[in-house]
Amino acid sequence: MRNLFFLWLSLSASLAAQNPVDWVDLFIATAGDHGQNDPSATVPYGMVKVSPDTDPANHGGYDYESTRLAGFSVNRVCGTGCSGAGGHLRILPRTGDAASYVFLHKGTEEARPGYYAVELSNGVRVELTATNNLAVERYYFGKNESFVLELNPRSSFSELIKSDCKPLPPKALCGEYQAKNNCDLGRYIQYYYLESSQPFEVGGKDRVEMKFVKKDAPFVEVRIALSGIDSATARKECESQAGLTFEAIRTEAAGKWAAKLNRITLRGASEGELKMFYTSFYRTFLSPVNVTSGQGEYRDTKGALRKADGFTYMSSWSLWDTYRTKFPLLSLMDAAAYADICRSLTEVYRSGRDPSASEYESTPTCRNEHSLILLLDAYRKGFRGFDLHSVYGQMEQEAAALPMQSPDQFLESAYDLWALAHISKELKKTEKHAYYKAKSDSVWRSKWIEKFRDIDEATFDVMHGDGLYEGTLWQYRWAIPFAIEEAAELAGGQEKLADELSQFFSRHLYNHGNQPDIHAALLFNRLARPDLAQQWVTAILTESMIHPYGTHNKFPTPFAGKTYRPLPDGFIPEMDDDDATMSAWYVWTAMGLYPLVVGEPYYEIVRPLFDEITLKLDGGKVFTIRNKSSETVRKITLNGKTIHDFRIRHQDICAGGTLEIF
């Protein structure tokens, strides 16, 4: 027993001593329809995400279950639905006259933050790395004396609108492409400049064949710079980084990732938990992306060229889901970047906001609903540097156009109206606060009483029932976390609503594969049943559960298994990561915290998955969470003082200290 004890101590110390970046497994949730993630080489908030594309592909271009290679493309939106967006300038290395598509995952494929490598069946080895706006691709000849890099200037995951490619002999190309955004909504326009380390002959028709012959170097290095401004700017970006070697870029990328991931350290985690946690944490930094040029310029949502004075302009939002988990996590763990995010969102309002995406985006993007909630959340957490007064009129225009056709839209629009009411209060607009608060109450109360209050077994478990977007009346019933106490009064009291929420979980009506109800387990805290919050959060994190639902329909046979596993098929079927929404859910709940009501500067407290979590926050503050409970949480203290309501203020965490859970 004594030897086993010291072996356990040695193993624990070994796990703790490794750099968090070493635990990131970029192949988690990349297989089939189990997350839609990818192993791209990129940097935090990187515009470039250079990755292999498989045939067949997933939404992000890559499917771990495929062994046929379509090529290597330079950008994508990660883990989203529809067909994804990005996938441009795909390069396929060919030898002789035959196309070489086959590659093997096991043994030859390697991916880590900022780097990807694989060996193809024709002997060509490929390495990828990136800076914010530069893809660096190395193609090693192997035993081949020559090969062709076949560039497809028309490759795109979404509908392509326009593409051109202009040769710049002896070793460069430039051009632009325009394509629809995720789900073919809106448009993005990007320019590029490609330069190789060796001269090449140009051939081909629809695709550009760059023909290389082995000379002194064992490889050809291709650099592709992206810009949302013009091709001349893309060329400047490439030339300004010419002095950086592949190895230096790879090392710098790894260092940037280490700086982000080292902000959280864990004690008492298994190897699988470390992989799941740090891979999930990694994915929260993939967007939004920095589209500001090296000269500090960007194009706004009307296509106008603007100067980013005193901030970095970000784009690519996916707010429909990410506002729930990912952005609140960034507000806590990367406050400096979050200030730029908030300023960028207000600039979107200033230049012209579209509920999906504009016609002049600078990078592939997704929908940007619920900006109001996000900006309120940031303001109440103490973020400044963005002017809500100057865009208040645009916010009111958004509120006036909120959709209210289906029951789910009523509840979600009520949340936006609630946020505008509290923004009005923060800005001392007393009459506007009263107006929007009353409107929000009226919208959600009338629809909740009509459709959600009284459970109808015949209609409540019908996917897309009553025109719902993705989900059932059962699942959307909980979509008002900002008013759950008032809903309890309408339902007959907290105890009754808590009992019905318990039935919702015990009867397997919950769907963690989609987002409308992912906060539901935390509602128990607000319904005076924190014990049930602990029970169901722990079950979702660690236990095998029955999952009857896909995104649009029930499965013919319910899936039974763990929700999160550190494997290529690690998410339950049809559970898209949705730009790290689900990854951020894992990070929050594994730490024992959750942003139940985005827009209020509080986090719910549940039992953490680990013995100790240390957060290294901006400003040098350190916050430690110590888990001393076995199962049920009996007591919580913050710096020795008892917390009675199972929640903690954002500002109290940022001030540093110790949260102990008994």
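The basis for the numbers below is simple: all heavy atoms, side chains too, and nothing from hydrogens, waters or symmetry mates.
- Considering only residues two or more places apart in sequence or on other chains, Tyr510 meets the ring-ring contact (aromatic ring centres under 6.0 Å, His included) condition with Phe505, His512.
- Checked against the 6.0 Å centroid criterion, the rings of Tyr564 and Phe571 qualify as a close aromatic pair.
- Residues passing the side-chain contact (heavy atoms from CB on, under 4.5 Å) test with Gln651 are Pro601, Arg649, sequence neighbours excluded.
- Taken to the nearest 0.5 Å, the CG atom of Asn132 stands 10.5 Å off from the OG atom of Ser293.
- Applying the salt bridge (Lys or Arg N to Asp or Glu O under 4.0 Å) rule to pairs touching residues 290-301 yields Asp300-Arg306, sequence neighbours excluded.
- Remark: Asp576 CG to Thr551 OG1 distance equals 5.5 Å, nearest 0.5 Å.
- Residue pairs meeting the salt bridge (Lys or Arg N to Asp or Glu O under 4.0 Å) criterion with at least one partner in residues 587-597, sequence neighbours excluded, are absent.
- With respect to Lys432 and Glu396, a salt bridge is recorded, a charged nitrogen being found less than 4.0 Å from a carboxylate O.
- Counting only residues at least two apart or on different chains, the ring-ring contact (aromatic ring centres under 6.0 Å, His included) pairs with a member in residues 293-317 are Tyr298-Tyr313.
- Side-chain atoms of Asn182 and Thr80 include a donor-acceptor pair closer than 3.5 Å.
- For Phe623, there are no ring-ring contact (aromatic ring centres under 6.0 Å, His included) partners, not counting sequence neighbours.
- A donor and an acceptor atom, one from each side chain of Tyr323 and Glu369, are nowhere located under 3.5 Å apart.
- Side-chain atoms of His519 and Tyr594 include no donor-acceptor pair closer than 3.5 Å.
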For residues 414-421, which side-chain donor-acceptor pairs fall under 3.5 Å, sequence neighbours excluded?
| residue | atom | partner | partner atom | Å |
| --- | --- | --- | --- | --- |
| Tyr415 | OH | Val598 | N | 3.0 |
| Tyr415 | OH | Val598 | O | 2.7 |
| Asp416 | OD1 | His370 | ND1 | 3.0 |
| Asp416 | OD2 | His370 | ND1 | 3.1 |
| Trp418 | NE1 | His422 | NE2 | 3.1 |

(Q) Pair Cys183, Cys82 - check disulfide bond (SG atoms under 2.5 Å apart), show working. (A) CA-CA 5 Å; Cys183 300; Cys82 297; 1.8 Å; yes
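- For Glu660 and Lys628, the salt-bridge test passes: some basic side-chain N is under 4.0 Å from an acidic carboxylate O.
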Atom pairs and distances, side-chain donor-acceptor, residues 328-341, under 3.5 Å, sequence neighbours left out:
| residue | atom | partner | partner atom | Å |
| --- | --- | --- | --- | --- |
| Ser331 | OG | Pro328 | O | 2.6 |
| Ser331 | OG | Lys381 | NZ | 2.9 |
| Asp334 | OD1 | Arg263 | NH1 | 3.2 |
| Asp334 | OD2 | Tyr45 | OH | 2.7 |
| Asp334 | OD2 | Lys260 | NZ | 2.6 |
| Asp340 | OD1 | Thr312 | N | 3.3 |

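- Side-chain polar atoms of Thr581 and Thr325 form no donor-acceptor pair below 3.5 angstrom.
- A distance of 9.5 Å separates CG of Asp578 from CD of Gln36, quoted to the nearest 0.5 Å.
- In this structure, the side chain of Arg324 does not engage the main chain of Val597 through any donor-acceptor pair within 3.5 Å.
- For Trp257, the ring-ring contact (aromatic ring centres under 6.0 Å, His included) partners are Tyr282, not counting sequence neighbours.
- Annotation: side-chain contact (heavy atoms from CB on, under 4.5 Å) contacts of Ile449 (sequence neighbours excluded): Arg453, Leu490.
- Between the side chains of Glu361 and Ser358, at least one donor-acceptor pair of N or O atoms lies under 3.5 Å.
- The CZ atom of Phe524 sits 9.0 Å away from the CG atom of Leu497 when rounded to the nearest 0.5 Å.
- Remark: the backbone N or O of Ser287 is not paired with any side-chain donor or acceptor of Ser316 at under 3.5 angstrom.
- Donor-acceptor pairing under 3.5 Å is recorded for the side chains of Arg607 and Ser629.
- Partners of Tyr476 according to the ring-ring contact (aromatic ring centres under 6.0 Å, His included) rule, which considers only residues two or more places apart in sequence or in another chain, do not exist here.
- Separating the CG atom in Leu319 from the NZ atom in Lys326 is a distance of 8.5 Å, to the nearest 0.5 Å.
- Proximity of the aromatic rings of Trp320 and Tyr469 is defined here by a centroid distance below 6.0 angstrom, and this criterion is met.
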Can you give each donor-acceptor pair under 3.5 Å made by side-chain atoms of residues 382-392, sequence neighbours left out, with the distance rounded to 0.1 Å?
| residue | atom | partner | partner atom | Å |
| --- | --- | --- | --- | --- |
| Arg384 | NH1 | Tyr379 | O | 2.8 |
| Asp387 | OD1 | His389 | N | 3.1 |
| Asp387 | OD1 | Ser390 | N | 3.3 |
| Asp387 | OD2 | Ser390 | OG | 3.4 |
| Ser390 | OG | Arg350 | NH1 | 2.9 |
| Ser390 | OG | Asp387 | O | 3.0 |
| Tyr392 | OH | Ser424 | OG | 2.7 |

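- Judged by distance alone, the side chains of Ser583 and Asp577 do bring a donor and an acceptor atom under 3.5 Å apart.
- Judged purely by distance below 3.5 Å, without hydrogens or angles, the side chains of Asp579 and Ser318 pair a donor atom with an acceptor atom.
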